[in-house]
Amino acid sequence: MTHFSHKNQEINNHRIDLHCHSTYSDGLLSPREIIEQAIHAQVQTLALTDHDTIAGLSELHEAAQHSNIRIIDGIELSAAWKKHAVHILGLNINPSHNGLKQLLSKQLDNRKIRAKQISDKFAQIGINNMWEKCYELAQHERIGRPHFARVLVNQGVCLDIRTAFRKYLIQGRPAYVASTWLPLEDVVTTIIACGGIAVIAHPLKYSFTRTKLKEFIISFKQAGGTSLEVISGEMTNESILEATKLCAQFELTASTGSDYHGPGVSRIKLGHQAILPTLCPPIWLQF
Ligand code: AMP
Ligand code: MN
Ligand code: MN
Ligand code: MN
């Protein structure tokens, strides 16, 4: 077992979480409740990174006003790379930037079309009105696969979210629809254009081979990307070591986040991800 030093945290005496979700995408808590959790967990720097939307940021800022939490404006953008769906975090973005708004409007159109198609596929196997049920649950149109999964669980069709994904929603299963996200290059370019830093989210969760993962990192760098989420949610020491090596090999800065989606969904709490190894240059020095 490798033991990682707590030095990064000691130097800064700083708890930081740069990846989480609210009810504005597929999280269970509102931005206000996220701030309550952040205060409880003594998080000092926080980024809300909802999927393909900045809609939760104003509520987040409002809720954080009377706390000492520093908010970094963030987003988690879905992107297409060689027929794969990948996730790129944009940190320290300017949410009012026009180029970003245009990109988000295209992503939303694609997400809405996909949600209808997924719903049609469920109807074909006798599971009806899924779009309506997802909309009722989400209370917005940014419907993702987790909303479908939660409806299936609430209706007793599946025991848990993981099973719902495995039985219906992943590639090869009856309600899978290939996404049509914008290309990696456009996503990275737009993040940079609006003043943000582009970060590869959860690099070890794509079930890529090592060679493919490195190819992906090279494409990301060619597009202008500079950072890797070395610590992402729950990780083993082995995966931390692997991500740290990638960070060093490709000379990227390092980000850290819980990828918190709410109680019961995420096993670790907001701000409770492992500490960033000292070897990694922390992204927050760039904010
Ligand atoms: P979408 O962007 O609609 O395709 O949904 C992606 C989201 O679904 C991710 O951000 C996770 O929150 C969740 N997710 C993806 N794969 C799984 C899985 N196998 N089990 C549970 N949740 C998953
Ligand atoms: Mn999610
Ligand atoms: Mn993700
Ligand atoms: Mn996420």
Side-chain angles (χ1 to χ4, degrees), residues 17-38 43 45-67 69-79 85-116 118-119 131-151 179-182 186-188 190-199 201 257-263 265-266 270:
D17 192 335
L18 301 172
H19 186 166
C20 67
H21 299 273
S22 77
T23 43
Y24 284 85
S25 65
D26 60 356
L28 296 184
L29 302 182
S30 68
R32 192 163 291 280
E33 291 167 319
I34 289 284
I35 291 295
E36 283 166 19
Q37 296 280 316
V43 170
T45 303
L46 177 73
L48 174 65
T49 52
D50 274 318
H51 296 286
D52 303 301
T53 185
I54 50 165
L57 297 183
S58 55
E59 186 182 325
L60 188 80
H61 279 281
E62 207 174 292
Q65 249 175 28
H66 302 292
S67 74
I69 300 168
R70 180 177 180 211
I71 302 295
I72 304 297
D73 282 327
I75 193 162
E76 181 172 16
L77 288 166
S78 314
V86 294
H87 285 176
I88 306 295
L89 299 166
L91 295 178
N92 212 21
I93 53 167
N94 170 9
S96 330
H97 188 268
N98 272 331
L100 178 65
K101 285 183 176 168
Q102 279 167 24
L103 179 119
L104 294 185
S105 134
K106 288 187 206 159
Q107 291 277 84
L108 178 59
D109 289 344
N110 289 339
R111 184 176 284 282
K112 285 199 231 172
I113 292 166
R114 187 189 63 158
K116 295 271 189 197
I118 295 175
S119 186
W131 189 89
E132 289 77 4
K133 285 168 186 164
C134 287
Y135 183 78
E136 199 185 328
L137 181 76
Q139 299 285 310
H140 59 68
E141 287 185 306
R142 297 175 294 277
I143 293 165
R145 288 181 297 163
H147 297 107
F148 286 94
R150 278 163 58 199
V151 167
S179 309
T180 50
W181 305 125
L182 294 165
D186 296 11
V187 164
V188 172
T190 305
I191 290 170
I192 296 165
C194 74
I197 303 169
V199 185
S258 60
D259 203 0
Y260 185 70
H261 281 71
V265 182
S266 302
L270 191 76

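- Ala201 approaches Leu89 most closely through the heavy-atom pair CB-CG, 3.9 Å.
- The two residues Gly262 and Leu28 come nearest to each other via the heavy atoms CA-CB, 4.2 Å.
- Panel note: side chain Ser266, backbone His261; a donor-acceptor pair is recorded below 3.5 Å.
- A 4.5 Å side-chain heavy-atom check between Pro31 and Ser22 finds at least one atom pair inside the cut-off.
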What do the steps show when you test Ile75 against Thr53 for side chain to side chain contact (heavy atoms under 4.5 Å, CB included), and what is the final call?
-> CA-CA 7 Å; Ile75 193 162; Thr53 185; 5.5 Å; no
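- Looking at residues two or more places apart in sequence or on another chain, you find a ring-ring contact (aromatic ring centres under 6.0 Å, His included) between His87 and His51, His202.
- The aromatic rings of His19 and His21 lie perpendicular to each other, with more than 60° between the two planes, well past the 30° mark.
- Under a 3.5 Å cut-off, the side chain of Asp17 and the backbone N or O of Gly257 do not form any donor-acceptor pair.
- Under a 3.5 Å cut-off, the side chain of His66 and the backbone N or O of Ala64 do not form any donor-acceptor pair.
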For side-chain hydrogen bond (donor to acceptor under 3.5 Å, both in side chains), just list the numbers for Arg142 and Ser25, CA-CA rounded to whole Å, side-chain angles, deciding distance to a tenth of an Å, and then say yes or no.
-> CA-CA 6 Å; Arg142 297 175 294 277; Ser25 65; over 6 Å; no
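- Annotation: side chain of Asp259 is not in contact with side chain of Cys20 (no heavy-atom distance under 4.5 Å).
- Contacts of His140 classified as ring-ring contact (aromatic ring centres under 6.0 Å, His included), with partners at least two apart in sequence or in another chain: His147.
- Residues Asp73 and Ile54 have side chains not in contact (no heavy-atom distance under 4.5 Å, counting atoms from C-beta outward).
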Evaluation steps, side chain to side chain contact (heavy atoms under 4.5 Å, CB included), between Tyr260 and Gln37 = CA-CA 11 Å; Tyr260 185 70; Gln37 296 280 316; 3.6 Å; yes
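- Within a 6.0 Å radius of CD in Glu136, no more than 12 heavy atoms belonging to other residues, nucleotides or ligands are found.
- A side-chain donor-acceptor contact under 3.5 Å links Ser67 to the backbone of Ile69.
- When side chains are defined from C-beta on, Leu60 counts as touching Ile71, because their heavy atoms get closer than 4.5 Å.
- The distance from the OG1 atom of Thr180 to the CG atom of Asp109 is 9.5 Å, given to the nearest 0.5 Å.
- Applying the side-chain hydrogen bond (donor to acceptor under 3.5 Å, both in side chains) test to Glu59 and every residue at least two apart in sequence or in another chain returns Tyr24.
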Could you go through the side chain to side chain contact (heavy atoms under 4.5 Å, CB included) check for Thr45 and Ile72 one step at a time?
-> CA-CA 7 Å; Thr45 303; Ile72 304 297; 3.7 Å; yes
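- Using modelled atom types, one side-chain atom of Ser119 and one backbone atom of Trp131 make a donor-acceptor pair closer than 3.5 Å.
- Taking 4.5 Å as the limit, some side-chain heavy atom of Leu104 sits within range of a side-chain heavy atom of Leu77.
- Proximity of Lys106 to Leu182: side-chain heavy atoms (C-beta onward) are separated by under 4.5 Å at one or more points.
- Listed here is the closest heavy atom pair of Thr23 and Ser30: OG1-CA, 3.4 Å.
- The minimum heavy-atom distance linking Leu18 with Thr49 is given by the pair O-CG2, 3.6 Å.
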Worked verdict on Ile191 versus Ile93 for side chain to side chain contact (heavy atoms under 4.5 Å, CB included) | CA-CA 7 Å; Ile191 290 170; Ile93 53 167; 4.3 Å; yes
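- Note that the CG atom of Asp26 and the CD atom of Glu76 stand 8.0 Å from one another [nearest 0.5 Å].
- Under 4.0 Å is where a charged nitrogen must lie from a carboxylate oxygen, and between Arg111 and Glu141 no such pair does.
- Distance check: Asp50 CG to Leu48 CG gives 4.5 Å after rounding to the nearest 0.5 Å.
- Separation of atoms SG (Cys194) and NZ (Lys101) is listed at 11.5 Å; rounding is to 0.5 Å.
- Of all non-hydrogen atoms in Ser78 and Asp52, the two that sit nearest each other are OG-OD2, 2.7 Å.
- At least one side-chain heavy atom of Pro263 sits less than 4.5 Å from a side-chain heavy atom of Leu29.
- Neither side chain, Ser105 nor Gln102, offers a donor N or O lying under 3.5 Å from an acceptor on the other.
- Between Val187 and Ala79 the shortest heavy-atom distance is CG2-CB, 3.8 Å.
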